[in-house]
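Read through the structure below, which is laid out as C-alpha cells, and then see the notes.
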Amino acid sequence: MTAVADAAATIAGIRREVCALHAELTRYQLVVWTAGNVSARVPGQDLLVIKPSGVSYDELTPDNMVVCDLDGRVVDGEHAPSSDTEAQAYVYRHMPDVGGVVHTHSTYATAWAARGEPIPCVLTMIADEFGGEIPVGPFAVIGDDSIGRGIVETLQGSRSPAVLMQNHGVFAIGPSARAAVKAAVMCEDVARTVHLSRQLGEPLAIDPAQVDRLFERYQNVYGQRATEE
Ligand SMILES: [Zn+2]
C-alpha cells in the first residue's frame, strides 16, 4: 500500500472503531438523546475522529463520524463535529499519550459533579482503576478552551483517567478510545455504588499505602496478564 492509502485505511478503521464504541455508551446507559461522545486520536497524523453533532445514537455509522485536526477544524465529514470537539482537541494537543477521550453526563457521576464533590477512594475498584479519588475539574462552559484546560490541569495532577467537570459531567481519557470508554463506564459504576453506600453511613477510606499497592498491581501485574484492557 502507498503511504496515502495506508493513512486512509487507518482513518477508515478508526471511524469504525469510534462508531462501534458509541454503542457501549448506550449499552451501559451513560447517555440520553444525542448527549455524550467518543473520540480517538489518529496515530501519527495529528487528527482525531469524533461523533457528529446532533445525530441520534441509532443513526451513527462509520461514514458519518467526523475527522478533525487537533485544533478542532473539520478535515473530512458531512456533519458538524460534536460541540465538545474543541475541548477534546485541547486534550490531545496537551496530553500526547492520550489516544481516546469520552464525554458523558452519566447520572450518578454527574450528581457528584453537580455538588463539585470528588468520588472518594473507598472501594478497591476505585484504587485499581483510578489510583485515588476521582477528581473534580473547574466550572467551564463551551466557547473557549476553558473546558479542555480544566480537564488537562485536573488530570495531570492525578492518576485518575476520569474527571468530574463541575456542574457538567464526566470526561474520561485513555491510551485508546476503548480504554477511555472503560474509564467512563467504571466511573459511573463507582459513582453509583459510593452514592448508595453513603445513604446508610460514611464509607471507609482506604489507607493511601494500600491504594498505591492496589493501583500498582492492577496497572502492571494484572494489566500484563489480562488480554482485556
Ligand atoms: Zn457535556
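Start at 1 with the first residue, then count along the sequence. In each ligand, atom 1 is the first atom listed, and ligand 1 is the first ligand listed.
Around the Zn ion (ligand 1), the protein N, O or S atoms found under 2.8 Å comprise H103 NE2, H105 NE2, H168 NE2.
At distances below 3.5 Å, not a single donor-acceptor pair connects side-chain atoms of R41 with backbone N or O atoms of G100.
Here the closest heavy-atom approach between residue S83 and residue I142 is recorded as O-CD1, 3.8 Å. Shown here for E24 and V181, the closest heavy-atom pair between the two residues is CB-CG1, 3.8 Å. Annotation for M165 and A140: closest pair CE-CB, 4.4 Å, computed over non-hydrogen atoms.
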Open item on the list: Under the criterion side-chain contact (heavy atoms from CB on, under 4.5 Å), I'd like the reasoning laid out for R159 against F130: C-alpha separation, chi angles, the key distance, then a yes or no.
Closed with: CA-CA 6 Å; R159 294 193 289 207; F130 301 94; over 6 Å; no
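By the ring pair (Phe, Tyr, Trp, His ring centres under 6.0 Å) test, Y108 pairs with H195, sequence neighbours left out.
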